[in-house]
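A short write-up of the structure that comes next.
Computation of the quantities below employed the complete heavy-atom set of this structure, encompassing side-chain atoms and omitting hydrogens, waters and symmetry-equivalent molecules. Naming: A, B, ... by sequence-line order, numbering from 1 per chain.
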Protein chains: 2
Amino acid sequence: MTGAPTAVKKRSRIQIRNRRRILDAALEVFSHHGYRGATLDQIAAEAGLSKPNILYYFNGKEEIHVSLLNQLMTSWLDPLDHMDPDGDPLEEICAYVRRKLEMSREFPRESRLFANEILQGAPRMKPHLETTLKALFDDKTALIRRWMEAGRIAPLDPRHLIFSIWATTQHYADFDAQVRVLMAGEDDVLDGAAAYLDTMYRKLLAP
Amino acid sequence: MTGAPTAVKKRSRIQIRNRRRILDAALEVFSHHGYRGATLDQIAAEAGLSKPNILYYFNGKEEIHVSLLNQLMTSWLDPLDHMDPDGDPLEEICAYVRRKLEMSREFPRESRLFANEILQGAPRMKPHLETTLKALFDDKTALIRRWMEAGRIAPLDPRHLIFSIWATTQHYADFDAQVRVLMAGEDDVLDGAAAYLDTMYRKLLAP
DNA sequence: CCCCATCCTGACCATATGGTCAAAAACAAA
DNA sequence: TTTGTTTTTGACCATATGGTCAGGATGGGG
């Protein structure tokens, strides 16, 4: 068996390094141009490798994309997963908002990659969403609902609350081009957003 | 002069009908697959016309896209434009939220088309954003700021307030695939969202 | 009914793009 | 160094796609 370095096998140092390079380049290109808009040549150039060499490490464009998406899923959901049932409800939620916004600042490419995928109808992620994400979502909405029923935060539909948190925080990464135009001049937009969102959710959730 | 029906000239009935068909088909296809992901063949099929015929009415793929975008800009910004300086601040803003959410329900394709364009860095819209949108944005943030300074609604950064309204309302159209997965079973998601957002912004803006 | 402008199409073209392959190069164990 | 394995590449291929064009169909005013 010569090929298929993708299969579960001990990966050599070179393989680890080049797969990393490729995925990083692919993140850059996919997040900027979307799946269809990205080309293997662009990814190859960005990665500093030849196109056939890219195909040596991955079985095709789609496999690269799926790899990226799956790899990202975990870290993307991590902040939500970390919402502590034993913490102070208001503080937990505000901390979540803060972390999520921080991710828009530090990982805008990842945010846009996801946004692109969902916009297209999540053709390659639906299974993942239906299992991993759905489970986590149900778990956390239940937790928030308990908090609300205990009167520790204001009663609201926890599902829409989470949607609004996702929407407001990811907006700064996904609609960056628009935000930049409208906030021309400002250089600390995200700081302003952090202050605004903190105020907003505190006021909203105060019991 | 035979060609260029695109030029400003009286358009025949057939031209009006077919341009409409094409733009409608293009909206469907572009909003679903993004600019790069859409093909002229798809648009032609959707419009029930042949590809060369499409090219008879528009000088190219890009011209169709730009036409769509420009045409949509107006109607998209209309609700914001209609925020009445003489109305009751809280009611005006809540009405705006309601209208905006209604557009996510009635015109999700338009929403996704814009989202796609902005996600890619607004390559074909930046000029439009910098003029039309920016002017309207500045105008309305100023209005909201006046309302706040008059103590008629709670003081917040009006710019981030508008961002949050856009984000929370458009989320239901743009991230529809995700919302569907997480709200599986519910059939009136948008009604729930309307109630949630109304509560949210009233609470947030109460003086 | 005739005629001209408008409208439409089949056939075709150039290029871009995902992907293949045989063989060369680089590497590593002996 | 030798030898077998992994890595890399230039050349190539099939298909998709945006776009062109010459000529045929259609429609409406006279």
| query | Can you find an N or O donor on one side and an acceptor on the other, under 3.5 Å apart, linking the side chain of A/Lys51 with the base of C/dG18? | reply |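 Present.
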Rounded to the nearest Å, what distance is computed from the [atom1] atom of residue [X] to the [atom2] atom of nucleotide [N]?
| X | N | atom1 | atom2 | value |
| --- | --- | --- | --- | --- |
| A/Lys61 | C/dA16 | NZ | P | 15 Å |
| A/Gln15 | D/dT5 | CD | P | 16 Å |
| A/Leu49 | C/dA26 | CG | P | 15 Å |
| B/Glu63 | D/dG19 | CD | P | 10 Å |
| B/Arg13 | D/dT26 | CZ | P | 18 Å |
| B/Asn53 | D/dG18 | CG | P | 16 Å |
| B/Glu62 | D/dT17 | CD | P | 18 Å |
| A/Ile43 | C/dG19 | CD1 | C1' | 14 Å |

| field | Lys/Arg N to Asp/Glu carboxylate O, A/Arg105 vs A/Asp188, below 4.0 Å | value |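 Result for this pair is no, no salt bridge flagged.
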Let's see if you can work this out: which of [options] has an atom nearest to the side-chain heavy atoms of [X]?
| X | options | result |
| --- | --- | --- |
| A/Pro52 | C/dT20, C/dG18, D/dC21 | C/dT20 |
| A/Leu55 | C/dG19, D/dG19, D/dT9 | C/dG19 |
| A/Asp41 | C/dC8, C/dC21, C/dG18 | C/dG18 |
| B/Tyr56 | C/dA11, D/dA11, C/dT6 | C/dT6 |
| B/Leu40 | C/dG18, D/dG18, D/dT8 | D/dG18 |

| message | Pick the closest DNA chain D nucleotide for B/Tyr35 and for A/Ile14 by heavy atoms, then say which residue is nearer the 5' end. | response |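 Its nearest nucleotide being more 5', the pick is A/Ile14.
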| query | Toward the 5' end of DNA chain D, which comes first, A/Arg17 or B/Gly60, by nearest nucleotide? | reply |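 First, find each residue's nearest nucleotide; the 5'-ward one identifies A/Arg17.
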| request: Assess whether salt bridge (Lys or Arg N to Asp or Glu O under 4.0 Å) is satisfied between B/Glu91 and B/Arg202, documenting all intermediate values. | output: CA-CA 9 Å; B/Glu91 293 310 320; B/Arg202 274 180 201 285; 2.9 Å; yes
| field | Option passing salt bridge (Lys or Arg N to Asp or Glu O under 4.0 Å) with B/Glu28 (candidates B/Arg21, B/Arg109, B/Arg112) | value |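 Passing option: B/Arg109.
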| Donor-acceptor pair between A/Thr168 and A/Tyr196 side chains, under 3.5 angstrom |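 Distance-only check fails for A/Thr168 and A/Tyr196.
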| query | At their closest point, which heavy atom of A/Val29 faces which heavy atom of A/Ile43, and how far apart are they? | reply |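 Heavy atoms only, the tightest pair is CB-CG1, 4.0 Å.
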| C/dC8 OP1/OP2 closer than 4.0 Å to side-chain N/O of B/Ser50 |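 Result: no.
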| said: With nearest nucleotide decided by heavy atoms, which residue, B/Asn18 or B/Arg36, maps closer to the 5′ end of DNA chain C? | reply: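 Nearest-nucleotide comparison on DNA chain C picks B/Asn18.
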| What does B/Ala44 touch in the nucleic acid at a heavy-atom separation under 4.0 angstrom: a base, only the sugar-phosphate, or nothing? |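 The residue B/Ala44 makes no contact with any strand.
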